[in-house]
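Encoded as structure tokens, the structure appears first; notes follow it.
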2 protein chains.
Amino acid sequence: MPKVTIEDVATRARVSIKTVSRVVNNEPNVSESTRRKVNAAISTLNYRPNQSARRLKSQRSFLIGLVYDDPSAYEIPSSGYVINMQQGLLSVCKEANYDLLIHPCGFSDRRIAAEIKGLIEHSRLDGIVLAPPLSNMRGIVKAIENTGTPFVGISPGGSTLRQPAVATNDREICAEMTAHLASLGHRRIAFITGHPDHKAVASRFLGFQDGLRDCGLKLDAALVGSGDNSIESGERCARTLLDLARPPTAIFAANDDMAAGVIRVAHERRIRIPERLSVAGFDDVPLARQIYPSLTTVNQPLAKMAEHAARRLIRMLHSGEASLDLEVIPSALVLRDSTGLAP
Amino acid sequence: MPKVTIEDVATRARVSIKTVSRVVNNEPNVSESTRRKVNAAISTLNYRPNQSARRLKSQRSFLIGLVYDDPSAYEIPSSGYVINMQQGLLSVCKEANYDLLIHPCGFSDRRIAAEIKGLIEHSRLDGIVLAPPLSNMRGIVKAIENTGTPFVGISPGGSTLRQPAVATNDREICAEMTAHLASLGHRRIAFITGHPDHKAVASRFLGFQDGLRDCGLKLDAALVGSGDNSIESGERCARTLLDLARPPTAIFAANDDMAAGVIRVAHERRIRIPERLSVAGFDDVPLARQIYPSLTTVNQPLAKMAEHAARRLIRMLHSGEASLDLEVIPSALVLRDSTGLAP
DNA sequence: CGCCATTGCGACAACGTTGTCATACGCATC
DNA sequence: GATGCGTATGACAACGTTGTCGCAATGGCG
């Protein structure tokens, strides 16, 4: 296949290369008739602009980076997270003619900051989408800001850092889930908190407290377990909670993995779910549908958030200016079989 | 930040830009002393070659594409699959200075072929890594071959198509798993086959048959369920199998999701695992560790396979020629709690 | 009718590299 | 001491675009 250049198109359409360029880039001041001629030539020759050339000349890379923490560093379940975001980003990138570069990275602030700087310098990214939990780490955000590269954070729990970001109503939806449990008659509702570094997960606990308050229930410190997002921590907390003299009738875990841990312990102890114990999680990872009983949880619209983030980033790239506000895409309660009427 | 070019480095090192280029690209015929001078200049100026420029001039994109089927088309559990491959690829790309472009796509042969052609033309990929099951679809492979773009397939079950590929010992390991079940005393071992289009999954069934033969057991057609890789199909097959007058004492499913389905049914029917029924899966998806009881399964070294695929692709890109042989990376049996002595 | 603004288009330089070729030098060979 | 060859280096073109500028044609307005 001989590579066809802008020159070939120009010759065939009997115009200058500049005019072809104008048509390709949808620039104004081209008459409708020439535009048609050029487009005809383009499609018969199957012309594709050489990205490298346009990148070189226009000093833009048409590259967007997705930076996220290394999923293997955490727990593999979070992989679904990344895939969903990727899908959302890709769909937007495709239509806007950007390419997506993915960049998983370690977890220590300092190292990541250096890594990102290297990435930007090397690949000359036009913009960055920053995945959670990185989007809530001051050092990372600062590092990117220092490079002057436009970026948008995806930060479900909202962000304390001033940055353009897309969030979801984590806190509110947790209040809703709590209210839902209360509406099933539960009065002793336990909560298992997540990893303290994970800001997004922290806001879930706040939502739980909001929910209790809304329903006129009081927070019982004995009914709060502190987990770290892992299944094991879910199991540990579940054991402690179920060993209480007055155990909870419902347990709401800050993520699905910990909820899965609770369910495992229940299985071990032959505690029927949801008849004897209701369990709710958060994230709607694939696991949630797969375990028995299927898990009531919260579904975050990650792909959609990513889409919005990408669209917004691209808008920033074109307009040149950033809006710092927080866009919120609502999450949804997913009611499955692990929750039911209080015993 | 003022962008520093090869010119700046040349000026500072008091050499020509061509010499800098030579140093950067590790070309021969540069004296050790100049090389040091240039390298010094490079690091004090923090020079990064402009990728677009070198791509333009050298007519290479330094881009590798990862093409895989859209995970949402199948089932989300497969997302772990993709992430693992990505990690393997990225680690190699990084050290070889290539960038990775990911490209999920639909599932119909014809559409994908067109999509891939577009991708190659648009992004001018230097090479492609083709993920399963695409690596076993003749139309896709042919389409890529037609473009003349070098590619390496990742195809766990081996490949009937002549193509450079990295595989794993799917079949052998399934024989091993079967032998393991037999060694626990199981004589009535059932198998649940996977989606018929999924070549990799088909070879698992062959391995099962090998295993039976090796242990002197006969294949009982009544003990073969035909699933389609989904949890639901696993449940369906499990019901049929467990309804038999002489139900199996062990069920080996061609993937973890279906095995999870079996476990769900067992839970429903209060059939204790592994005391009354042993269950084995394949894939070692995150779920396998999370469900109760944790699932005995097979772990495919996907990241490692991807690494090898990438390394091989890059070697092909440099040498210009392709080796058609199939590289095999062994899988491992993962024994967990869902299998035990036959009742 | 003359003037200026607008529209449509092309010539040409420039982006930052790498490839090609020429050149200068040192050194062994005859 | 001329010849040839290998090594180290540089001058310059070229890659395929887009940006800048200039120029011609058109049209509205005084």
Side-chain angles (χ1 to χ4, degrees), chain A residues 1-39 41-42 45-63 97-99 121-124 126 317-318 320, chain B residues 1-39 41-42 45-63 97 99 121-124 126 317-318:
Chain A
M1 356 166 239
K3 34 228 131 172
V4 20
T5 77
I6 200 172
E7 202 102 28
D8 304 326
V9 178
T11 310
R12 184 161 230 279
R14 299 172 183 285
V15 295
S16 74
I17 57 169
K18 181 63 217 193
T19 300
V20 177
S21 167
R22 274 190 265 258
V23 172
V24 169
N25 295 294
N26 270 315
E27 286 173 27
N29 298 339
V30 181
S31 73
E32 202 42 54
S33 64
T34 11
R35 200 177 287 273
R36 261 199 304 276
K37 269 195 306 186
V38 172
N39 277 326
I42 287 179
L45 294 176
N46 192 24
Y47 164 72
R48 308 288 176 129
N50 182 315
Q51 292 298 341
S52 301
R54 66 191 334 191
R55 283 172 186 175
L56 172 58
K57 180 57 194 183
S58 65
Q59 303 288 49
R60 303 170 47 197
S61 65
F62 292 94
L63 244 37
N97 255 304
Y98 277 78
D99 281 332
E121 281 169 354
H122 174 262
S123 301
R124 290 192 160 69
D126 283 346
L317 296 180
H318 287 112
Chain B
M1 349 164 242
K3 36 225 131 179
V4 19
T5 78
I6 200 173
E7 202 101 32
D8 303 327
V9 177
T11 309
R12 183 162 231 279
R14 299 173 184 286
V15 295
S16 74
I17 58 169
K18 182 64 218 192
T19 300
V20 177
S21 169
R22 274 190 264 259
V23 172
V24 170
N25 295 295
N26 271 315
E27 285 172 30
N29 298 338
V30 180
S31 73
E32 202 41 55
S33 65
T34 15
R35 201 177 286 274
R36 261 200 303 276
K37 267 196 308 186
V38 172
N39 277 326
I42 287 179
L45 294 176
N46 192 25
Y47 164 70
R48 307 289 175 126
N50 181 316
Q51 293 297 342
S52 301
R54 66 189 338 187
R55 282 171 186 176
L56 172 58
K57 180 59 193 179
S58 65
Q59 303 288 50
R60 303 171 47 197
S61 66
F62 292 94
L63 245 36
N97 254 303
D99 280 333
E121 282 169 352
H122 175 261
S123 302
R124 290 196 161 66
D126 283 346
L317 295 181
H318 286 113

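For the numbers below, each heavy atom of this structure counts, side chains included, while hydrogens, waters and symmetry mates do not. As the structure is a prediction and not an experimental result, all values here were calculated from the model.
Looking at B:Asp126, its side chain does come within 3.5 Å of a backbone N or O of B:Ser61 through a donor-acceptor pair.
Residue-level contact check: B:Gln59 touches the backbone only, with heavy atoms under 4.0 Å from sugar-phosphate atoms and none from bases. B:Pro49 comes within 4.0 angstrom of sugar-phosphate atoms only, judged by non-hydrogen atoms across all strands, and of no base. Within 4.0 Å (heavy atoms only), A:Val15 reaches sugar-phosphate atoms of the nucleic acid but no base atom. As judged by a 4.0 angstrom heavy-atom cut-off over every strand, A:Thr34 is placed among residues touching the sugar-phosphate backbone only.
Atom P of nucleotide D:dT18 and atom CG of A:Asn50 are separated by 10 Å, given to the nearest angstrom. If you take CD of B:Glu32 and P of D:dT9, they are 11 Å apart, rounded to a whole angstrom. The distance from atom CZ of A:Arg54 to atom C1' of D:dC15 is 16 Å, rounded to the nearest whole Å. Between B:Arg14 atom CZ and D:dA8 atom C1' the separation is 19 Å, expressed in whole Å. The distance between atom CD of B:Gln51 and atom P of C:dC15, rounded to the nearest whole Å, is 19 Å. Whole-Å rounding puts the A:Arg124 CZ to C:dT17 C1' distance at 11 Å. Here the C1' atom of nucleotide D:dA14 and the CZ atom of B:Arg60 are 18 Å apart, to the nearest Å. What separates OH of B:Tyr47 from P of C:dG16 is a distance of 10 Å, to the nearest Å.
Proximity of A:Thr19 to the phosphate of C:dG10: a side-chain N or O atom is located under 4.0 Å from OP1 or OP2. Look at B:Ser52 and you won't find any side-chain N or O under 4.0 angstrom from OP1 or OP2 of C:dC15.
Listed nucleotides C:dT17, D:dG10, C:dG16 differ in distance to B:Ser16; the shortest reach to its side chain belongs to D:dG10. Distance from the side chain of A:Ile6 is smallest to D:dT18 among C:dG16, D:dT18, D:dT9. Counting only heavy atoms from C-beta on, A:Asn29 has its side chain closest to C:dT7 among D:dT17, D:dA11, C:dT7.
A side chain to side chain donor-acceptor pair (under 3.5 Å) with B:Gln51 is found for one member of A:Arg55, A:His122, A:Arg124 and no other, namely A:His122.
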Listing time: all N or O pairs from protein to nucleotides 19-21 of chain C that are below 3.5 Å?
unit_1	atom_1	unit_2	atom_2	d
C:dG19	N7	B:Lys18	NZ	2.7

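Between B:Glu7 and B:Ile17, the shortest heavy-atom contact is CA-CG2, 3.8 Å. The minimum heavy-atom distance between B:Ala53 and A:Leu56, with the atom names listed, is CB-CD1, 3.8 Å.
Side-chain contact between B:Asp8 and B:Lys3 is absent, with no heavy atoms from C-beta onward closer than 4.5 Å. By the 4.5 Å heavy-atom criterion applied to side chains, B:Arg54 and B:Val24 are counted as neighbours.
Ring geometry, A:Tyr98 versus A:His318: the interplanar angle exceeds 60°, so the pair is classed perpendicular (tilted spans 30 to 60°).
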